[in-house]
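Working notes, structure below.
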There are 2 protein chains.
Amino acid sequence: MDDHLRTGRSEGTVGKALDALDLVCAQDRPVRFSELLPLSPWPKGTLYRLLQTLVKQGMLHVEPETGSYTPGLRLVQLAHSAWRKSSLAPIARPHLDALSGKVGETIHLAQLDRGQVLYVEKRNARHPLPMFSEAGKVGPGYCTGVGKAMLAHLPDRERCAALQLQAFHPHTAQTITSAEELEIELAKVREEGIAFDREEHEPGIVCVAAPILSPTGRVLGGLSVTTSTARRPLEDLATLAPLLRETAEMIAEDAADWQFPG
Amino acid sequence: MDDHLRTGRSEGTVGKALDALDLVCAQDRPVRFSELLPLSPWPKGTLYRLLQTLVKQGMLHVEPETGSYTPGLRLVQLAHSAWRKSSLAPIARPHLDALSGKVGETIHLAQLDRGQVLYVEKRNARHPLPMFSEAGKVGPGYCTGVGKAMLAHLPDRERCAALQLQAFHPHTAQTITSAEELEIELAKVREEGIAFDREEHEPGIVCVAAPILSPTGRVLGGLSVTTSTARRPLEDLATLAPLLRETAEMIAEDAADWQFPG
DNA sequence: AAACGTATGTCCAACTATTGAAACAATAGC
DNA sequence: GCTATTGTTTCAATAGTTGGACATACGTTT
């Protein structure tokens, strides 16, 4: 849970303002100034001004009656643009639907953000109408299927940098807890072209994951099918590997076409 | 088209950085530094540093091979949070589906952002699977149905401020082109509880719109049904008013429950 | 009703980051 | 190989930021 803390003190005013924005957005309800203050690393005056700036800029909104802060509409506007242009979600949607229909298990589409896994799209096992709002969570890279699938295919320099950012917290007995061990695992993942989460993040939860690679070999994202050992043993899940790889490739192709429509 | 220009020069570094972010996001493809420079009000060095800061912060991303800028994943992450918590879209979804089924015309859900209309959700007349990505556009407030519906119910002070921000560009012969005329129109809208767009924005396009008001009377958003005069005369569309108002009320109720789930 | 506490907003001199013209480096084009 | 274009760095002048201390608003207690 405490895996994906932000880098700490950001340099410059812009960095601070964005951290303050993160702080407000990380809360899952409107928050008052006094609630934010102890959560922030800044003195009162500074936080006050930061929030005021963000409000003036439309990135935050204050409920007039309660004085609580929520994300602003300018952010919502940027949201659409960012989601449409920088996430694989809109491209992958039809492929996820198809895959979902075939496997009937929970599916995740993720992208790598500074060593962490950002889930950009999800299909639940049951519900046929999954929504944007279900995605958006961030998870650890070192102990999830998609995380390992993506990390494995990063160029050496970037992979090294990404491994530095891992928390290596032992969530379960299976969790990989050092960069060295992880490198060995990643080599295997690279070789097989598929990654497994063998209850490394949550007990009883397993998954198969494939990387989504651009034609030039760049990591675009990751795709995974998750289930519980109670429902399906890992060996069974492993049989989905070819289908997963195939879907990942189709998404990659569509992504390549997509980049320059003009 | 040139209706919704941002305020111009924003004060402070944060303001500039956010404007730069807007600038990149406004482009509908990855953009190079040299393309952005003429679009920005800043000298080369400044823009360069702003972009670099945003990249370092994860709000922007540079394609390694082309050096083009796109929205970054940190923004995508904030996006989810903002969309889920500050837009009516997730709450309104089921109601829009229901309304869409009943009327079979294009439906818009919008919110007011500094006098402008931000479309946060949309249902097309034909396609049964409308997506998040179709929303996110910004339109003028003074000559759209949702715009007038929302403006009409703003408290005096805010309404005045909002009217100052209107461009009053005469898109068609029907467009209202002054704050005075608009105030008269808004009074009528307030009285009737419904607003019409009588080809004020685009020739041949008409719509009925209802405001979405909180229990305390605050403007939360607007809801509209749009069609073309070729398909349906305005009088016919007007018969949908009760249904629209009803849907708007249901959304408002759900929104009220939503605010504090804890 | 006055005194208190808490939450929020404001001020300003010391301090730092930001600015942008101009010089420099790296590419792409010819 | 030379020139034009695009991208990157530098540095003194400038402008914005900092945060402790002070002020105000509001609800609560004595």
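Throughout, protein chains are lettered first and strands after them, A, B, ... in sequence-line order, and every chain is numbered starting at 1. In this text the structure is predicted, and so the values were computed from the model without any measurement. Excluded from the calculations below are hydrogen atoms, water molecules and symmetry mates; all remaining heavy atoms, backbone and side chain alike, are included.
Between B:Lys16 and B:Asp19, none of the side-chain N atoms (NZ, or NE/NH1/NH2) sits under 4.0 Å from a carboxylate O, so this pair counts as no salt bridge. Between A:Glu35 and A:Arg29 a salt bridge is recorded (basic side-chain N to carboxylate O distance below 4.0 Å).
Non-hydrogen atoms lying under 4.0 Å from DNA chain D are contributed by B:Lys44, B:Tyr48, all within residues 43-51 of chain B.
As rounded to whole Å, 13 Å separates atom P of D:dT6 from atom CG of B:Leu36. Spacing between atom NZ of A:Lys56 and atom P of D:dG16 amounts to 11 Å, rounded to whole angstrom units. In this structure, A:Trp42 atom CH2 and D:dG19 atom P are separated by 11 Å, rounded to whole Å. Atom CG in B:Leu37 sits about 12 Å away from atom P in C:dG20, given to the nearest Å.
In the set C:dT8, D:dT9, D:dG7, D:dG7 carries the atom at the smallest distance from any side-chain atom of B:Arg32.
Five base pairs at each end of the helix from C:dA1-D:dT30 to C:dC30-D:dG1 define two local axes, and these are offset by 30° (rounded to 10°).
The ring of A:Tyr69 has its center no closer than 6.0 angstrom to the ring center of A:Phe33.
Within the structure, a side-chain polar atom (N or O) of B:Ser34 is placed less than 4.0 Å from OP1 or OP2 of D:dG7.
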Start with the C-alpha gap between A:Arg218 and B:Glu63, add the side-chain angles, then the distance that decides, and say whether salt bridge (charged side-chain N to carboxylate O under 4.0 Å, His left out) holds. CA-CA 11 Å; A:Arg218 255 182 56 221; B:Glu63 305 274 334; 3.7 Å; yes
